[in-house]
Amino acid sequence: MNNYLVFSPEVCAALDEGRPVVALESTIISHGMPYPQNLSTARECERIARESGAVPATIAILGGRIHIGLTDGELEHLARSGQAVAKTSRRDMPTLLSKGADGATTVAATMIAADMAGIRVFATGGIGGVHRGAAQTMDISADLDELGRTTVAVVCAGCKSILDIGLTLEYLETKGVPVIGFGTEHMPAFYTRESGFYADCRMDTPEEIAAALRTKLEMGLTGGMLIANPIPEEFSMERAYIEGVIESAVAEAARKGIHGKAVTPFLLARVKELTEGKSLDANIALVYNNVRLAACVAAAL
Ligand code: PSU
Ligand code: MN
């Protein structure tokens with residue numbers, strides 16, 4: 001087994017016995033949500049995965065090793081440390097691992113780790129994408145290239161409109177990533193069920209999604225799949241309201257010259273502040289909804 005991987009006993013047993021496992025990321029814990037909601041959400045995600053028939057494998061880098069499945073103490077460490085733990089994408093992995101450091105893994109890094117561990121289904125909130133103004137800044141999340149190359153299905157609620165959703169979909173098309181709308185033709189926009197753009201295929205059951213993933217694996221076609229699961233109606237936010245908030249957060253980031261890996265955490269925190277926490281409730285609800293679907297897909301696989 002790979003020297004850099006450390007499995008929790010529960011995940012190790014589940015993988016050995018071929019039982020369903022769902023990967024969960026840790027940047028959402030350390031950088032995506034404030035303490036203590038990040039800790040309660042991380043714990044509840046694990047509980048929901050189990051209740052839905054899959055073993056949760058929350059993934060993070062601890063002491064220079066990639067942990068697949070965390071203890072409650074490790075979850076708490078990541079939740080309390082927040083931004084003090086390095087946000088870790090593909091490019092950060094070799095340096096952090098060789099230094100023996102800790103890291104909270106993004107969608108890209110979590111996909112890499114899940115793939116190394118043999119886990120094919122991963123649930124998160126929203127993925128990174130092509131930022132607004134990318135024609136000037138070239139700010140395109142490494143999550144998109146990872147979806148193009150690493151064979152893990154990612155269940156998300158679309159991407160926040162802090163991003164340019166149209167360009168994000170163009171990029172995914174170029175990289176050959178299927179974008180499946182779960183129960184919808186629309187591409188959801190995280191806080192809202194529609195973005196004005198469309199997914200490239202609609203599927204209505206976890207079994208259909210599992211069959212598509214199995215087909216991709218059997219074809220030997222590398223690369224991921226994006227399953228876009230719209231936020232439950234009762235938690236969705238009013239589009240004009242959230243768009244206004246996002247516009248002002250994006251403008252503030254530009255004014256302050258925020259760049260590189262700091263952009264996404266800055267925007268997430270500002271949106272939360274400007275909505276007085278209302279966006280956080282929506283964020284938490286959609287993550288639970290995604291974990292439930294991912295567990296059903298893993299079970300169907
Ligand atoms: N979008 C969210 N919440 C998040 C993230 C994105 O709504 O927590 C995190 C994820 O971990 C994602 C990362 O992989 O931000 C993307 O960062 P960047 O744009 O710097 O690639
Ligand atoms: Mn970026």
CD-CD1 distance between Glu233 and Ile231, expressed to the nearest 0.5 angstrom: 9.5 Å

Steps toward side chain to side chain donor-acceptor pair (under 3.5 Å) verdict (Thr124, Glu25): CA-CA 7 Å; Thr124 186; Glu25 61 149 313; 2.4 Å; yes

Ring centers of His186, Tyr198 separated by less than 6.0 Å: yes

Distance in Å, Glu146 CD paired with Arg90 CZ, rounded so as to fall on 0.5 Å steps: 4.0 Å

Donor-acceptor contact below 3.5 Å, side chain Asn38 vs main chain Ser30: no

Carboxylate-amine/guanidinium contact Arg270 Glu273, below 4.0 Å: yes

Heavy atoms of other groups near Glu17 CD, more than 12 under 6.0 Å: yes

Backbone N/O of Asp139 and side chain of Thr137: donor-acceptor pair under 3.5 Å: yes

Glu252 atom CD, neighbour heavy-atom count above 12 within 6.0 Å: yes

Electrostatic pair Glu208:Arg202 at N-O distance under 4.0 angstrom: no

Side chain to side chain donor-acceptor pair (under 3.5 Å) between Arg65 and Tyr4, worked out: CA-CA 5 Å; Arg65 303 184 82 194; Tyr4 291 101; over 6 Å; no

Taking every non-hydrogen atom, the tightest pair across Ser81 and Val85: CB-CG2, 3.3 Å

Cationic N near anionic O, under 4.0 Å, Arg132 to Glu247: yes

Val22 with Leu5, same ILVMFWY side-chain cluster at under 4.5 Å: no

Linked, directly or transitively: Ile28 and Val263 (ILVMFWY side chains, under 4.5 Å): yes

Shared hydrophobic cluster, Phe182 / Leu301 (ILVMFWY, side-chain heavy atoms < 4.5 Å): yes

Any Met33 side-chain heavy atom under 4.5 Å of Thr41 side chain: yes

Separation of Asn283 CG from Leu286 CG (nearest 0.5 Å): 5.0 Å

Shared hydrophobic cluster, Phe235 / Phe190 (ILVMFWY, side-chain heavy atoms < 4.5 Å): yes

Side chains of Leu62 and His77 in contact at under 4.5 Å (non-hydrogen atoms): yes

Distance (rounded to the nearest 0.5 Å) between Thr106 OG1 and Ile127 CD1: 11.5 Å

Val155 with Leu172, same ILVMFWY side-chain cluster at under 4.5 Å: no

Asp200 (side chain) donor-acceptor with Val179 (main chain) under 3.5 angstrom: yes

Carboxylate-amine/guanidinium contact Glu51 Arg47, below 4.0 Å: yes

Derivation of the side chain to side chain donor-acceptor pair (under 3.5 Å) call for Thr105 and Thr88: CA-CA 5 Å; Thr105 50; Thr88 308; over 6 Å; no

Interatomic spacing from OG in Ser98 to CE in Met93 - rounded to 0.5 Å: 12.0 Å

Nearest heavy-atom neighbours spanning Thr150 and Met111: O-CE, 3.4 Å

Residues Arg50, Glu10; criterion salt bridge (Lys or Arg N to Asp or Glu O under 4.0 Å); working and verdict: CA-CA 11 Å; Arg50 288 194 184 91; Glu10 186 192 15; 2.9 Å; yes

Sub-4.5 Å side-chain heavy-atom contact between Tyr191 and Ser236: no

Main-chain N/O of Val130 paired to Thr168 side chain as donor or acceptor, under 3.5 Å: yes

From Leu78 atom CG to Leu70 atom CG, the distance as rounded to the nearest 0.5 Å: 6.0 Å

